[in-house]
Enquirer: 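First the structure, which I've put down as structure tokens, then a few questions once you've had a look.
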2 protein chains.
Amino acid sequence: MAQVPISHRPNLLDQLSPREREILPLVAQGKDNREIGSILFISEKTAKNYVTSIRKKLGLKNRTQIALFALKEGIISLEETNE
Amino acid sequence: MAQVPISHRPNLLDQLSPREREILPLVAQGKDNREIGSILFISEKTAKNYVTSIRKKLGLKNRTQIALFALKEGIISLEETNE
DNA sequence: CCTGTCGTGTCATATCATGTACCAGAAGAA
DNA sequence: TTCTTCTGGTACATGATATGACACGACAGG
């Protein structure tokens, strides 16, 4: 238990906007900004901004940690990752 | 089943050198090259090279996918990641 | 004993992707 | 109006990727 209990965290996910919640699982599946952009029909730049915003809100260092976070939270499962 | 059965994969992990097998879990835990270098007392450049080699041997696109792979293979568990 | 050759470990350079720090306009809701 | 969200942008710093290079030990053949 090297981690803050969920009950003590004021819902990190609720701090994310709806669009950010769309971006999150894509990052967690190992997709890069260009892929995310083409999936959601936005520019790579915008995708980048969302990832940065997500990372800051969740207090994470990089997108690999975003993936680990998403798995811990059950936002994605290992089965729904590409490979 | 969008994936090659394990029995048909000739042990991807066996293709990794001993040193690469040390790097793999660190990457999978979301550590960056600088951290990996300081943990293993090698330069950031060398750590970088190992990650590239691992990624190519495993046929993955980036280090987030390395993390997902390591989790699927049970090389690391979500509990042993930092945050 | 020599001499390749191979795997491994190490580090470097160059280029591309990602991250950081902003700014700003459009649209809709409060 | 004011606020949030979504969208795209610039500029720069850092991280990641592609590739090359060298040293070393192991090992086989000569």
Side-chain angles (χ1 to χ4, degrees), chain A residues 9-73 75-76 81-83, chain B residues 9-73 75-76 81-83:
Chain A
R9 290 189 300 210
N11 279 339
L12 284 175
L13 288 177
D14 290 354
Q15 298 176 17
L16 301 183
S17 74
R19 196 55 157 168
E20 286 166 350
R21 279 190 282 269
E22 288 187 81
I23 307 279
L24 178 53
L26 300 177
V27 176
Q29 286 163 18
K31 302 194 189 307
D32 61 27
N33 293 328
R34 187 187 51 76
E35 289 175 312
I36 294 172
S38 64
I39 290 173
L40 298 181
F41 303 105
I42 57 179
S43 79
E44 173 189 340
K45 317 264 188 182
T46 303
K48 188 186 301 192
N49 287 334
Y50 280 123
V51 175
T52 297
S53 178
I54 291 169
R55 219 189 41 259
K56 289 174 70 174
K57 286 183 177 178
L58 299 182
L60 302 173
K61 285 182 56 181
N62 52 54
R63 58 173 59 206
T64 298
Q65 294 189 355
I66 293 179
L68 297 173
F69 173 86
L71 286 166
K72 286 181 182 174
E73 297 295 323
I75 297 168
I76 63 163
T81 58
N82 308 332
E83 179 67 351
Chain B
R9 290 191 300 212
N11 279 340
L12 284 175
L13 289 177
D14 290 354
Q15 298 176 16
L16 301 183
S17 73
R19 196 57 158 167
E20 287 166 348
R21 279 190 282 268
E22 290 186 83
I23 307 279
L24 179 53
L26 300 178
V27 176
Q29 286 163 18
K31 302 195 189 307
D32 62 27
N33 294 327
R34 187 186 50 76
E35 289 174 312
I36 294 172
S38 65
I39 289 173
L40 298 181
F41 303 104
I42 57 179
S43 80
E44 172 190 341
K45 319 261 189 183
T46 303
K48 197 180 295 192
N49 291 330
Y50 280 122
V51 176
T52 297
S53 179
I54 291 169
R55 196 173 34 71
K56 289 174 71 172
K57 285 183 178 179
L58 298 182
L60 302 173
K61 284 181 57 180
N62 52 53
R63 59 172 60 206
T64 297
Q65 294 188 355
I66 293 179
L68 297 174
F69 173 86
L71 285 166
K72 285 181 184 175
E73 296 295 322
I75 296 168
I76 63 163
T81 59
N82 309 331
E83 178 66 355

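Within every chain, numbering begins at 1; the chains are lettered A, B, ... in the order of the sequence lines, protein sequences first and strands thereafter.
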Enquirer: Counting only heavy atoms from other residues, nucleotides and ligands, does the tally under 6.0 Å from NZ of A:Lys56 exceed 12?
Expert: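 No, the 6.0 Å shell around NZ holds no more than 12 heavy atoms from other groups.
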Enquirer: Grab the CD-C1' distance between A:Gln65 and C:dT18 for me, whole Å please.
Expert: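 After rounding, the gap between these two atoms is 14 Å.
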Enquirer: Are B:Leu58 and B:Gln65 side-chain neighbours, meaning at least one heavy-atom pair lies under 4.5 Å?
Expert: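 Contact flag for B:Leu58/B:Gln65 side chains = no.
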Enquirer: Whole angstroms only, please: what is the CD1-P distance between A:Ile54 and C:dT18?
Expert: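 Nearest whole value for this atom pair: 14 Å.
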Enquirer: Could you tell me the separation between the CD1 atom of B:Ile23 and the C1' atom of C:dG9, rounded to a whole number of Å?
Expert: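 Taking atom C1' of C:dG9 as the reference, CD1 of B:Ile23 is at 10 Å.
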Enquirer: Has the side chain of A:Arg21 got a donor or acceptor atom that lies under 3.5 Å from a matching backbone atom of A:Leu13?
Expert: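 Side chain of A:Arg21 to backbone of A:Leu13, a donor-acceptor pair under 3.5 Å: yes, one is there.
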Enquirer: Write down the distance between CZ (B:Arg55) and C1' (C:dA17), rounded to a whole number of angstrom.
Expert: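 It works out to 11 Å between those atoms.
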Enquirer: Could you state the NZ-C1' distance from A:Lys57 to C:dG19, rounded to the nearest angstrom?
Expert: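 It is 17 Å, rounded to the nearest whole Å.
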Enquirer: Taking the minimum atom-to-atom distance to the side chain of B:Asp32, which one of C:dT10, D:dG15, D:dC6 wins?
Expert: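 Closest nucleotide to the B:Asp32 side chain: D:dG15.
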Enquirer: How close do A:Ile42 and A:Ala47 get, counting heavy atoms only, and between which atoms?
Expert: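 Here A:Ile42 and A:Ala47 meet closest at CD1-N, 4.0 Å.
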Enquirer: Is the phosphate of D:dA16 approached by B:Arg63 (side-chain N or O, under 4.0 Å from OP1 or OP2)?
Expert: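 So the side-chain polar atoms of B:Arg63 do come within 4.0 Å of the phosphate oxygens OP1 or OP2 of D:dA16, strictly under.
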Enquirer: Hey, does B:Arg34 reach any base, or is it just sugar-phosphate, or nothing, if we go heavy atoms under 4.0 Å?
Expert: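 If one applies the 4.0 Å heavy-atom cut-off, B:Arg34 turns out to touch nothing in the nucleic acid.
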Enquirer: Just so I know, are the side chains of A:Glu35 and A:Asp32 near enough to count as touching, which here means a heavy-atom distance under 4.5 Å?
Expert: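 When only atoms from C-beta onward are counted, A:Asp32 and A:Glu35 do touch, with a gap below 4.5 Å.
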Enquirer: State which of D:dT19, D:dC6, C:dT8 makes the closest approach to the side chain of B:Ser17.
Expert: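 Nearest to the side chain of B:Ser17 among the choices is C:dT8.
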Enquirer: B:Asn33 side chain N/O closer than 4.0 Å to the phosphate oxygens (OP1, OP2) of D:dG15?
Expert: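 Looking at the OP1 and OP2 atoms of D:dG15, neither is under 4.0 Å from any side-chain N or O of B:Asn33.
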Enquirer: Contacts to DNA chain D from residues 41-50 of chain B, heavy-atom cutoff under 4.0 Å, which residues?
Expert: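 Residues of residues 41-50 of chain B under 4.0 Å from DNA chain D: B:Lys48, B:Asn49.
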Enquirer: Ignoring hydrogens and angles, tell me if any N or O in the side chain of A:Arg63 forms a donor-acceptor pair with the backbone of B:Arg63 under 3.5 Å.
Expert: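 Between the backbone of B:Arg63 and the side chain of A:Arg63 there is no qualifying donor-acceptor contact (under 3.5 Å).
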Enquirer: Distance check, rounded to the nearest 0.5 Å: B:Ile54 atom CD1 versus B:Leu60 atom CG?
Expert: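 So the gap between those two atoms works out to 10.0 Å.
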Enquirer: Tell me the interatomic distance from A:Arg21, atom CZ, to D:dT4, atom C1', rounded to whole angstroms.
Expert: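 Distance, rounded to whole Å: 13 Å.
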Enquirer: Whole Å only: how far is the CD atom of A:Glu35 from the C1' atom of C:dA17?
Expert: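 So the two atoms are 12 Å apart, to the nearest Å.
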Enquirer: Over how many whole Å does the gap from A:Lys61 atom NZ to D:dT14 atom P extend?
Expert: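 Checked: the NZ to P distance equals 14 Å.
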